[in-house]
Amino acid sequence: MFRASSSRLSAPLRFSRRSLATHATQTPALNVSSPATRHDWTKSEIQQIYESPLLDLVFRAASVHRQHHDPSKIQLCTLMNIKTGGCTEDCSYCSQSSRYSTPTKASRLVDIEPVLEAARKAKANGSTRFCMGAAWRDLAGRKRGFERILQMVREVRGMGMEVCTTLGMLSPEQAKQLKEAGLTAYNHNLDTSREFYPKVCFVGRVITTRSYDERLDTISNVREAGISVCSGGILGLGESDEDRIGLIWEVSNMPEHPESFPVNALVPIKGTPLENNEPVKHQTLLRTIATARIVLPKTIIRLAAGRQTLDETQQAMCFMAGANAVFTGEQMLTTPCSPWDEDKAMMGRWGLEGMRSFEQEGVARKEGARLTDVDASPSSDGAAEAKDTNAPQPAL
């Protein structure tokens with residue numbers, strides 16, 4: 001950031017000699033005036049950012065955020081679980097694993113029409129991205145189910161909404177098929193740092209059924225297919241600050257920064273190995289968001305699972321620190337979600353409004369010729385004004 005002493009400032013950045021509490025000592029790693037997106041961050045640089053005084057950190061992050069994003073815009077996303085439970089994976093935080101006794105019961109892949117009905121409702125309430133999740137390790141042996149999902153993607157994209165899925169591991173060919181169907185983004189979280197990934201859970205790991213490199217391989221397949229990557233992590237697994245820094249470092253050194261970086265706070269669920277984990281402290285969430293914003297300046301930072309545990313002021317601090325997307329609606333995959341009416345009322349109080357579909361530069365670029373003038377129109381969706389209304393928005 002800017003140096004406090006005017007004698008140390010190079011023109012044209014000169015201030016009076018009186019220092020401000022939010023003006024921290026400048027270091028090359030923290031210089032937010034540079035527009036360059038870096039892919040060569042070191043862990044020590046990121047650690048220096050993460051460990052800086054909290055108010056200084058939020059100020060720096062807010063400055064970077066305003067250089068690359070409209071600070072009044074929040075992307076509203078709605079998530080639907082299209083295939084619940086019965087998963088063969090052993091993710092220690094997830095109630096959908098068949099290995100744990102949890103309240104989540106297994107169900108088959110839903111039909112297309114209920115998905116379209118949910119997408120229409122989401123759009124009518126101002127959401128511009130519709131996300132679909134299936135509790136699978138991968139798509140092997142699921143040809144008919146995958147064909148149904150491809151049709152879901154086509155239909156929702158036909159509404160003019162951004163479409164995201166999370167279906168487990170993908171092959172290059174499966175990623176290509178999703179792209180051809182109109183998929184906007186694919187979520188595949190890294191969860192935590194490479195170092196911590198094999199160190200937690202009652203069996204000794206976050207997850208034993210999928211390696212860290214397999215996660216990176218799927219992300220690579222998605223990126224090479226021309227689909228935007230959505231990849232972040234979960235706080236509250238028992239990780240340290242070093243692991244949160246390691247997660248941000250991992251995604252910052254990818255060939256392309258993720259289009260979006262979800263920051264999840266663990267919601268402990270009875271029956272999972274992490275059911276008794278302590279809640280994530282707000283300052284930890286805030287530090288992670290702010291550091292990610294500085295290191296990933298053009299990425300959308302999504303305040304994801306666990307948001308309903310934050311009060312309105314805590315959420316506002318996250319938005320100030322660079323978070324610019326939320327999940328809103330009736331339900332996450334297996335955890336509570338803040339409802340549309342509450343979110344729109346909150347956004348109205350804070351002077352925030354919804355982001356348009358395909359408004360982010362990277363998303364629009366990957367849409368290419370598929371992005372029509374109607375899709376990009378400022379009046380094409382109901383998120384442009386965060387008003388408390390359930391009336392259907394203009395068609396896209």
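Here, residue 1 is the first one in the sequence, and each next residue gets the next number. Nothing here was measured: the structure is a model prediction, and the numbers come from that model. Scope of the values below: all heavy atoms of this structure, side chains included, with no hydrogens, waters or symmetry mates.
Rounded to the nearest 0.5 Å, atoms CD (Glu195) and CD (Glu239) are 13.0 Å apart. In this structure, OG in Ser228 is found 7.0 Å from NZ in Lys179, a value given to the nearest 0.5 Å. Here the NZ atom belonging to Lys121 is positioned 7.0 Å from the CG atom belonging to Asn125, to the nearest 0.5 angstrom. Atom CG of Leu76 is separated from atom OG of Ser357 by 10.0 Å, given to the nearest 0.5 angstrom. Rounding to the nearest 0.5 angstrom, the gap separating the SG atom in Cys77 from the CG atom in Leu303 is 11.0 Å. In this structure, CG on Leu79 lies 10.0 Å from CE on Met132, to the nearest 0.5 angstrom.
The two residues Thr309 and Gln314 have their closest heavy-atom pair at O-OE1, 4.3 Å. Across every non-hydrogen atom of Leu167 and Ala134, the tightest pair is CD2-CB, 3.8 Å. Across all their heavy atoms, Gly238 and Asn277 have their closest contact at N-ND2, 3.9 Å. Annotation for Phe261 and Ser231: closest pair CD1-O, 3.2 Å, computed over non-hydrogen atoms. Taking both residues in full, the closest heavy atoms of Ile46 and Trp41 are given as CD1-CB, 3.9 Å, listed atom of the first, atom of the second, then distance. Heavy atoms only, all atoms of each residue included: Val163 and Val156 are closest at CG2-CG1, 3.8 Å.
A side-chain donor-acceptor contact under 3.5 Å links Thr166 to the backbone of Asn187. Proximity of a side-chain donor or acceptor of His282 to a complementary backbone N or O of Gln315 within less than 3.5 Å is not detected. Side chain of Arg148 to main chain of Leu109: a donor-acceptor pair is present (N/O by atom type, distance under 3.5 Å, no hydrogens or angles). Side chain of Asp243 to main chain of Ser193: no donor-acceptor pair is present (N/O by atom type, distance under 3.5 Å, no hydrogens or angles). A distance-only check finds no donor-acceptor pair linking the side chain of Lys123 to the backbone of Met161 [under 3.5 Å]. With hydrogens and angles ignored, the 3.5 Å screen pairs no side-chain donor or acceptor of Asp111 with any backbone N or O of Glu113. For Arg223 (side chain) and Val229 (main-chain N/O), no donor-acceptor pair under 3.5 Å exists by modelled atom type. Here the side chain of Asn189 pairs no donor or acceptor atom with the backbone of Asp191 at under 3.5 angstrom. Looking only at distances, no side-chain donor or acceptor of Thr218 sits under 3.5 Å from a matching main-chain atom of Arg215. Panel note: side chain Ser252, backbone His39; no donor-acceptor pair is recorded below 3.5 Å.
For the pair Phe130/Met159, no side-chain contact is recorded, criterion being any heavy-atom separation below 4.5 Å from C-beta on. Counting only heavy atoms from C-beta outward, the side chains of Tyr186 and Gln174 never approach each other to under 4.5 Å. No side-chain heavy atom of Gln75 sits under 4.5 Å from any side-chain heavy atom of Gln360. In this structure, the side chains of Glu45 and Arg38 come closer than 4.5 Å at one or more pairs of heavy atoms. Side-chain contact between Leu371 and Val363: absent, with no pair of heavy atoms (C-beta onward) separated by less than 4.5 Å. Looking at Thr184 and Ile227, their side chains never come closer than 4.5 Å, going by heavy atoms from C-beta outward. Using a 4.5 Å heavy-atom cutoff, the side chains of Asp213 and Ser211 are in contact.
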- Task: Test Met169 against Asn221 for side chain to side chain contact (heavy atoms under 4.5 Å, CB included), laying out the working first.
- Result: CA-CA 9 Å; Met169 294 186 291; Asn221 293 339; over 6 Å; no
- Show your working on side chain to side chain contact (heavy atoms under 4.5 Å, CB included) between Asn264 and Leu235 and close with a plain yes or no. CA-CA 6 Å; Asn264 297 276; Leu235 309 186; over 6 Å; no
- Message: Using the rule given for side chain to side chain contact (heavy atoms under 4.5 Å, CB included), can you reason through Lys176 versus Glu224, listing the C-alpha separation, both sets of side-chain angles and the distance that settles it, and then say yes or no?
- Response: CA-CA 9 Å; Lys176 181 180 177 182; Glu224 290 176 9; over 6 Å; no
- Task: Any chance you could lay out the side chain to side chain contact (heavy atoms under 4.5 Å, CB included) test for Leu247 and Phe196, step after step, and finish with the verdict?
- Result: CA-CA 10 Å; Leu247 169 65; Phe196 187 67; over 6 Å; no
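The number of heavy-atom neighbours closer than 6.0 Å to CE of Met320, taken from other residues, nucleotides and ligands shown, is 12 or below. Atom CD of Glu242 is surrounded by 12 or fewer heavy atoms from other residues, nucleotides or ligands within 6.0 Å. Remark: Lys43 NZ is packed, more than 12 non-hydrogen atoms of other residues, nucleotides or ligands lying under 6.0 Å away. More than 12 heavy atoms of other residues, nucleotides or ligands lie within 6.0 Å of CD in Glu173, so this atom counts as buried by the packing criterion. Within 6.0 Å of atom CD in Glu361, 12 or fewer heavy atoms from other residues, nucleotides or ligands are found, so the atom counts as exposed in its surroundings.
In this model, a donor atom of one side chain and an acceptor atom of the other lie less than 3.5 Å apart for Trp340 and Ser127. Counted by atom type alone, Gln151 and Arg154 present one or more donor-acceptor pairs between their side chains at under 3.5 Å.
Note on ring orientation: taking the six-membered ring where Trp is involved, the planes of Tyr212 and Tyr197 are perpendicular (angle over 60°, cut-offs 30° and 60°).
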Mind listing the side-chain donor-acceptor pairs of residues 288-296 below 3.5 Å, one per line with the distance, residues two or more places apart or on another chain?
{"from": "Thr288", "atom 1": "OG1", "to": "Thr284", "atom 2": "O", "distance (Å)": "2.8"}
{"from": "Thr291", "atom 1": "OG1", "to": "Arg287", "atom 2": "O", "distance (Å)": "2.8"}
{"from": "Arg293", "atom 1": "NE", "to": "His65", "atom 2": "ND1", "distance (Å)": "3.2"}
{"from": "Arg293", "atom 1": "NE", "to": "Gly322", "atom 2": "O", "distance (Å)": "3.3"}
{"from": "Arg293", "atom 1": "NH1", "to": "Leu296", "atom 2": "O", "distance (Å)": "2.9"}
{"from": "Arg293", "atom 1": "NH1", "to": "Pro297", "atom 2": "O", "distance (Å)": "3.1"}
{"from": "Arg293", "atom 1": "NH1", "to": "Thr299", "atom 2": "O", "distance (Å)": "2.7"}
{"from": "Arg293", "atom 1": "NH2", "to": "Thr299", "atom 2": "O", "distance (Å)": "2.8"}
{"from": "Arg293", "atom 1": "NH2", "to": "Gly322", "atom 2": "O", "distance (Å)": "3.0"}
{"from": "Arg293", "atom 1": "NH2", "to": "Asn324", "atom 2": "OD1", "distance (Å)": "3.4"}

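Listed by first and then second residue, the salt bridge (charged side-chain N to carboxylate O under 4.0 Å, His left out) pairs that reach into residues 253-265 are Arg129-Glu259, Glu256-Lys366, sequence neighbours excluded.
Glu359 pairs by the side-chain hydrogen bond (donor to acceptor under 3.5 Å, both in side chains) definition with Lys73, not counting sequence neighbours.
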